[in-house]
Amino acid sequence: MAAQSVCKGTGSEIDFSYFGGAESFTEGKRSLRRTAVVSPTEKDDGVSYPGPPQDPADFLWIMTEEPHRSRRMAIMKAHPEVTKLMGYEPLTKYVVLAVVSLQLYLAVYLRHTHPLSFRFLFLAYAVGGTANQNLFLAIHEITHNLAFKGINANKALAVFANLPIGIPYFAAFKKYHIEHHKHLGEDGIDTDLPTNFELLCLNNVLGKTFFATFQILFYALRPGLVRMQTFTRWHLYNVAVQLLVDYVLLRTFGVRPILYLLFSSFFAGSLHPCAGHFIAEHYVWDGLNQETYSYYGPLNILAYNVGYHNEHHDFPSIPWTRLPALRALAPEFYDILPSHPSWPMVIVNFIRDKEVGIFARAKRIAKNSKQKHESSSSDRE
């Protein structure tokens, strides 16, 4: 005889023998879709799920080529005028100067404030975290030589932009980031990808909370553990200038200005609204096989339009001020792609949603194992 149960509150009897062992009506149901589509299509209406949930036991291994090269070629064929958007942006150096000045001023201003006081921590989070996130992304922009015509001028500006971050960062980031573009998703080369160790240890709510809170440390330490890079003269300049400025601040104003800068850098890569871009850019959502996601919301104004991430990967030679123009030029390519409506909610959903986690990254096997060795010497000077 079929097992029956009474549905409390309605008085009706429910025959659960029809539900394959389920014990509630919500069992097995998927969470709400997290990404949106500006211009829905028959292929993706922006509401239903394009695919089944990903297996949380492993990364999403794919055999196809990364999508940005082919889309770049298609856009250049459809819109040859896109080349007019390429080139450096003179405004960048003035924004960098303003933000660096603000951070150094606040660091000195707080020299008599206790580091654990509300004012110190509030300014370090609300102002410092936002400012240093802006400087992280300024360095990202400058890494693509988009502040000046010359390479050395761009590198010198990046060393200057690095000062409020507190630790030397630019030179190592440049090499790893260029590899991220050239070898997107390639295991062992693209150091933006989580490791198997992270997959093993952080693949639950507690682990994801830890990752989201300390993600700046993962991005700082992971690259050196995955693959070392050749030390160049710009690494030396970066380290020497940073240590000199830190020393001057320490000797002149004490340790608190240094703590303010370091706290700012930590908050910039922690549970901060702007830090949502770290997860939003390349984690796989909603059963999609899409590797890169854009965000078109207002926080872009604080973040060098890094939310236009599909656009950026398609055309790394277009500066931040012209990425919205790129999207407007080719809406048939970009408005049909799922994008994120909110960076803060990306962090929240990443932590609480069982369908996304450390496993939700697309990986591919490196095209040639020799690339791992060739890539490590490609930036020598």
Side-chain angles (χ1 to χ4, degrees), residues 33-46 48-79 82 176-196 198-199 226-227 277-295 307-318 326-327 330-340 346 350 355-375 378:
R33 178 164 173 167
R34 307 303 185 187
T35 58
V37 181
V38 176
S39 298
T41 63
E42 291 184 4
K43 183 179 179 181
D44 189 351
D45 59 13
S48 58
Y49 281 93
Q54 185 186 333
D55 180 3
D58 199 2
F59 301 105
L60 178 63
W61 291 92
I62 56 179
M63 302 297 292
T64 57
E65 181 186 42
E66 60 90 7
H68 300 289
R69 178 179 175 274
S70 58
R71 187 162 55 234
R72 177 167 58 248
M73 295 174 65
I75 291 175
M76 293 185 71
K77 182 178 180 180
H79 303 282
V82 72
Y176 288 126
H177 186 67
I178 296 305
E179 289 179 341
H180 167 66
H181 274 265
K182 290 182 177 179
H183 305 285
L184 180 65
E186 293 188 27
D187 191 39
I189 298 180
D190 183 0
T191 56
D192 188 68
L193 295 166
T195 62
N196 289 329
E198 292 168 69
L199 177 66
V226 173
R227 53 189 281 104
H277 82 88
F278 288 119
I279 297 172
E281 290 166 357
H282 295 293
Y283 277 82
V284 181
W285 297 75
D286 297 333
L288 293 158
N289 288 335
Q290 183 175 313
E291 294 179 65
T292 306
Y293 296 78
S294 290
Y295 156 78
Y308 289 76
H309 216 65
N310 269 300
E311 292 83 348
H312 167 66
H313 268 266
D314 289 350
F315 292 92
S317 56
I318 294 180
L326 169 61
R327 181 194 175 199
E332 71 273 24
F333 290 93
Y334 293 117
D335 287 354
I336 63 172
L337 296 175
S339 58
H340 287 291
V346 162
F350 175 80
E355 290 194 20
V356 68
I358 300 299
F359 61 89
R361 287 297 299 265
K363 284 193 176 188
R364 51 177 58 84
I365 298 173
K367 297 176 183 177
N368 189 333
S369 59
K370 291 182 179 179
Q371 286 178 344
K372 296 183 181 182
H373 304 288
E374 293 171 355
S375 184
S378 62

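Between the S294 side chain and the H309 main chain, a donor and an acceptor come within less than 3.5 Å of each other. For the pair D45 (side chain) and P40 (backbone), a donor-acceptor distance under 3.5 Å is absent. At distances below 3.5 Å, not a single donor-acceptor pair connects side-chain atoms of D286 with backbone N or O atoms of L288. Using modelled atom types, one side-chain atom of R364 and one backbone atom of T64 make a donor-acceptor pair closer than 3.5 Å. At distances below 3.5 Å, not a single donor-acceptor pair connects side-chain atoms of Q290 with backbone N or O atoms of L337. Looking at K363, its side chain does come within 3.5 Å of a backbone N or O of P194 through a donor-acceptor pair.
Atom CD of residue E186 and atom CG of residue D192 lie 13.5 Å apart, to the nearest 0.5 angstrom. Atom CZ of residue F350 and atom CD1 of residue I358 lie 4.0 Å apart, to the nearest 0.5 angstrom. The OH atom of Y308 lies 10.0 Å from the CG atom of L326; values are rounded to the nearest 0.5 Å. Rounded to the nearest 0.5 angstrom, L193 CG and E198 CD are separated by 9.5 Å.
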Could you go through I336 and D44, starting from their C-alpha distance and side-chain angles, then the distance that decides it, and tell me whether this counts as side-chain contact (heavy atoms from CB on, under 4.5 Å)? CA-CA 8 Å; I336 63 172; D44 189 351; over 6 Å; no
When you look at I365 and W61, which way does the side-chain contact (heavy atoms from CB on, under 4.5 Å) test go after all the steps? CA-CA 8 Å; I365 298 173; W61 291 92; 4.1 Å; yes
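Among the candidates Y283, Y295, W285, the single residue satisfying the side-chain contact (heavy atoms from CB on, under 4.5 Å) test with V346 is W285. Here the rule is side-chain contact (heavy atoms from CB on, under 4.5 Å) with H313, and of R69, E291, H180 only H180 fits it. Considering E66, R71, H68, E311 in turn, H68 is the only one that fulfils the side-chain hydrogen bond (donor to acceptor under 3.5 Å, both in side chains) rule with T292.
E179 has a carboxylate O that lies under 4.0 Å from a charged side-chain N of R227, or vice versa, which qualifies the two as a salt bridge.
What you find for Y334 and I75 is that their closest heavy atoms are OH-CD1, 3.2 Å. Nearest heavy-atom pair, A57 versus L199, reported as atom, atom and distance to 0.1 Å: O-CD2, 3.7 Å. Between H312 and H177, the shortest heavy-atom distance links the atoms NE2-NE2, 4.1 Å. Listed here is the closest heavy atom pair of H181 and P316: ND1-CG, 3.8 Å. Between D335 and V37, the shortest heavy-atom contact is O-CG1, 3.6 Å. Looking at every heavy atom in both residues, I62 comes nearest to A362 through CD1-CB, 3.9 Å.
When side chains are defined from C-beta on, F359 does not count as touching V284, because their heavy atoms never get closer than 4.5 Å. Within the 4.5 Å cutoff, no side-chain heavy atoms of Y293 are placed close to those of E281.
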